[in-house]
Amino acid sequence: MKGKVVKDKFICPHCHEEFEIKKHVVINVDEDAQLKKDVCNQDLFTYACPHCGTNSNIDYALWYEEPEKKLLVHLIDEEENVDQLIEQMDIDNPYSPFKAFYDNGYAIRLVESHDELVEKIAIFNFGYDDRIIELYKLMVWMRTTMENPNDDTYEVLFMPGEDKQCYIGIIHDHSLENGVLITEDIYNSIKNDYSPYFCDVYEERPVVNKERMLYLLTDINNDDNHNKMN
Ligand SMILES: [Zn+2]
């Protein structure tokens, strides 16, 4: 996809003056490498008011394409019809505008926040499969919540470390509490155990997050129980 910028008006929440903003609704990092940096450090979504200097973080829907990593991520906004989008993105839909991307081996993902977009970019840039990383995160999250049964505020996040290693960060009260090193052994064992099931994840395929993986694990367990009963 070719990059696309649209202009919009924004009213500063601090001084209530209106100013013009540019939204990068389609980003192709092959055309502009700086955009990738601006997405990852969230500068792209931070706008300084020309009247009072207050910074505002503005959410908007966008497409992010990184051809080298064969990655296409759509950051949705709340006005979009997600069911309709998912239908359009269905790999079995011959009229899907994304068919050419699928045919070229792209991973196509839907995300709901800037943080999720940045996380996806980081996962693919490290050459990992986000389905395996999301399962790994889910397992760390389940263990953490079992160890802390009276506290449901734990979150987990993929985190590249400065030592070229990657971690599953355990976030508590918005700060990093611990990091679990992602080892090749565990990564490969999750891959071996679960990737045969990935082809069954046809519903909401572009959504790969904790809920999706929880659903997958539940499905596998139910199947196992069913098989045991027969
Ligand atoms: Zn202002």
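Atoms within each ligand, like the ligands themselves, are counted from 1 in listed order. Note that these values count all heavy atoms, side chains included, but never hydrogens, waters or copies made by symmetry.
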So, [X] and the Zn ion (ligand 1): N/O/S under 2.8 Å, yes or no?
X     : result
His51 : no
Cys15 : yes
Cys49 : yes

As an exercise, state the distance from OG1 of Thr46 to CG of Asn41, rounded to the nearest 0.5 Å.
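That separation rounds to 8.0 Å.
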Testing Glu66, Glu68, Glu31 for salt bridge (Lys or Arg N to Asp or Glu O under 4.0 Å) with Lys36, which one passes?
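The passing option is Glu66.
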With the Zn ion (ligand 1) at the center, what angle do SG from Cys12 and SG from Cys52 span, rounded to 10 degrees?
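An angle of 110° at the metal.
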Salt bridge check, Asp129 against Lys191: does any charged N sit closer than 4.0 Å to a carboxylate O?
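Result for this pair is no, no salt bridge flagged.
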For a quick check under 3.5 Å, do His172 and Asp151 share a side-chain donor-acceptor pair by atom type?
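Distance-only check passes for His172 and Asp151.
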